[in-house]
Number of protein chains: 2
Amino acid sequence: MFGGKGRTVELDELDRRILRELQKDARRTNRDLAAEVGVAPSTSLERVRGLRRKGVVRGYRAEVDLAALGRAVQAMIAIRIRPPSRRNIEAFRAWVSQLPETVGVFVTSGRQDFLVHVAVPDTDGLYAFVIDRLTQRPEVADVETSVVYEHRRTVAVEPVRRPHPDR
Amino acid sequence: MFGGKGRTVELDELDRRILRELQKDARRTNRDLAAEVGVAPSTSLERVRGLRRKGVVRGYRAEVDLAALGRAVQAMIAIRIRPPSRRNIEAFRAWVSQLPETVGVFVTSGRQDFLVHVAVPDTDGLYAFVIDRLTQRPEVADVETSVVYEHRRTVAVEPVRRPHPDR
DNA sequence: TTTGAAATTCATTCATC
DNA sequence: GATGAATGAATTTCAAA
């Protein structure tokens, strides 16, 4: 497998520290990063490239403030698709993913088939999304809206702790 | 308000294009960015700083592949807190946010009080999270687990379109 | 793999527009 | 506000260990 979505990648302590720093601030200079983790800049550069090549790091993204973009109201919308055929699921996913209100899409098991995370200017915008946009789709059988009061993402996801590193 | 979580920030076309690029790749060189959007490097540098200063850009993060970190199984766990007092909500939020399995937390209205996004090695890890960890907390009244088959985040969130930009 | 030093590219400042 | 030229920093390469 080549850098795509693959299996678990073994990371040593240096990789893990670098990964932690890049999740906190992806734009730290390589010099700073090297100083922080205690290696030469050329070494940290090589490790960062390795993390990217192995697919551990998928990319570097600016995190935006949704309220600053005029999207102060967030919601998670649980959606049930009937029938939940591959055709219907894939069509809905493609459609909902590219709506401007959508900021994230979870395809799930359970009560709903989708959890759609949206960000809109106000509650009117939310209501309009639900009753104007979603109801356009015949495969949408049920919708349940939860307003998101707060959303926090984990700053730095850690690799799972292995009891005995192989070798 | 100073850069914190504030009101909508007015952005012109140049800001919007820069914001789009930084969401796609936060580590493009300023020179590249400037060339892409058609201005001098000193200009794009000034704009990028402005976006940061105004709080539109909250930071720059490396996006990791959860499966590569040994966390191939994701779930969204809907949790109901009883009684849903401020004390209980805040205590639970603080506790769940710092668990290693947690990658995101939504505080919501609706059927549940929390949607907790977790990433674990396998279904055993998921089951253990639910029956060992969550049930430790007396305020957790109900739990409903949805396995996440797929999670896609919107690449670049756009500012809401204003009909008539104020001057 | 890691390193330090050389070579190259980039960020940043600031006088000018 | 935007620009470009000058300067100071950083990235990147690579031969050596």
Side-chain angles (χ1 to χ4, degrees), chain A residues 1-3 6-64 68-69 159 162 164-167, chain B residues 1-3 6-64 68-69 159 162 164-167:
Chain A
M1 258 215 189
F2 294 83
R7 278 314 74 215
T8 300
V9 174
E10 284 303 324
L11 302 175
D12 65 15
E13 183 56 27
L14 180 55
D15 287 325
R16 273 178 259 142
R17 294 184 63 188
I18 288 174
L19 199 54
R20 199 175 305 133
E21 294 306 317
L22 290 179
Q23 287 182 86
K24 289 197 284 186
D25 181 4
R27 287 182 68 143
R28 288 188 76 167
T29 67
N30 184 57
R31 291 177 135 255
D32 261 12
L33 180 60
E36 177 79 35
V37 302
V39 293
S42 48
T43 302
S44 71
L45 184 65
E46 184 53 33
R47 292 302 191 105
V48 171
R49 284 175 170 165
L51 290 170
R52 193 81 159 94
R53 181 172 36 77
K54 296 175 204 156
V56 178
V57 170
R58 297 170 66 129
Y60 302 100
R61 317 257 172 255
E63 184 185 326
V64 300
L69 297 187
R162 299 277 223 151
H164 298 289
D166 309 297
R167 3 186 19 258
Chain B
M1 260 220 183
F2 292 82
R7 280 312 75 215
T8 300
V9 174
E10 284 302 324
L11 302 174
D12 64 14
E13 183 56 28
L14 179 55
D15 288 325
R16 273 179 258 141
R17 293 184 64 188
I18 288 174
L19 199 56
R20 199 176 304 133
E21 294 307 316
L22 290 179
Q23 287 183 86
K24 290 196 285 187
D25 180 3
R27 287 182 65 143
R28 289 188 76 167
T29 66
N30 183 59
R31 292 176 137 250
D32 261 13
L33 180 60
E36 177 77 36
V37 301
V39 293
S42 49
T43 301
S44 71
L45 184 64
E46 183 53 32
R47 293 303 192 105
V48 171
R49 284 175 171 165
L51 290 169
R52 193 81 160 93
R53 181 171 37 77
K54 295 176 205 157
V56 178
V57 170
R58 297 170 66 127
Y60 303 100
R61 318 255 171 256
E63 184 185 327
V64 300
L69 297 187
R162 298 277 222 150
H164 296 291
D166 310 299
R167 302 216 71 251

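Per chain, numbering begins at 1; letters A, B, ... match sequence-line order.
- If you measure from atom CZ of B/Arg28 to atom P of C/dT9, you get 18 Å, rounded to the nearest angstrom.
- At the heavy-atom level, B/Arg47 lies under 4.0 Å from the strands shown only through sugar-phosphate atoms.
- Here the rule is salt bridge (Lys or Arg N to Asp or Glu O under 4.0 Å) with A/Glu21, and of A/Arg28, A/Arg27, A/Arg16 only A/Arg28 fits it.
- Rounding to whole angstrom units, CD of residue B/Glu13 and C1' of D/dA2 are separated by 17 Å.
- With C/dA11, D/dT3, D/dT12 as the choices, the nucleotide that has an atom nearest any side-chain atom of A/Arg49 turns out to be D/dT12.
- Atom CZ of B/Arg47 is separated from atom CG of B/Asp12 by 4.0 Å, given to the nearest 0.5 angstrom.
- Here D/dG1 presents its C1' atom at 14 Å from CG of B/Leu51, a figure rounded to the nearest Å.
- Here C/dT12 is the nucleotide among D/dA10, C/dC10, C/dT12 with the atom lying nearest to any side-chain atom of B/Leu45.
- In this structure, the side chains of B/Glu46 and B/Val39 stay at 4.5 Å or more apart for every pair of heavy atoms.
- One can place CG of A/Asp12 at 10 Å from P of C/dT1, the figure rounded to the nearest angstrom.
- Of the candidates D/dT3, C/dT3, D/dA10, the closest approach to any side-chain atom of A/Thr29 belongs to D/dA10.
- In the set C/dC14, D/dC14, C/dA11, the nucleotide with an atom closest to the side chain of A/Ser42 is D/dC14.
- The interatomic distance linking B/Glu46 (CD) with D/dG4 (C1') rounds to 15 Å, in whole Å.
- In this structure, B/Arg31 atom CZ and C/dT8 atom C1' are separated by 11 Å, rounded to whole Å.
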Test side chain to side chain contact (heavy atoms under 4.5 Å, CB included) on A/Leu22 and A/Leu33 and set out the steps. CA-CA 9 Å; A/Leu22 290 179; A/Leu33 180 60; 4.2 Å; yes
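- Here the P atom of nucleotide D/dA10 and the CG atom of B/Asn30 are 15 Å apart, to the nearest Å.
- Distance from the side chain of B/Pro41 is smallest for C/dT12 among the nucleotides D/dT3, D/dA10, C/dT12.
- Residue B/Lys54 contributes atom NZ, which lies 11 Å from atom C1' of D/dG1 at whole-angstrom precision.
- For the pair A/Leu19 and B/Leu69, the minimum side-chain heavy-atom distance is below 4.5 Å.
- Both A/Val39 and A/Arg27 lie close to DNA chain C; mapped to their nearest nucleotides by heavy-atom distance, the more 5′-ward contact belongs to A/Val39.
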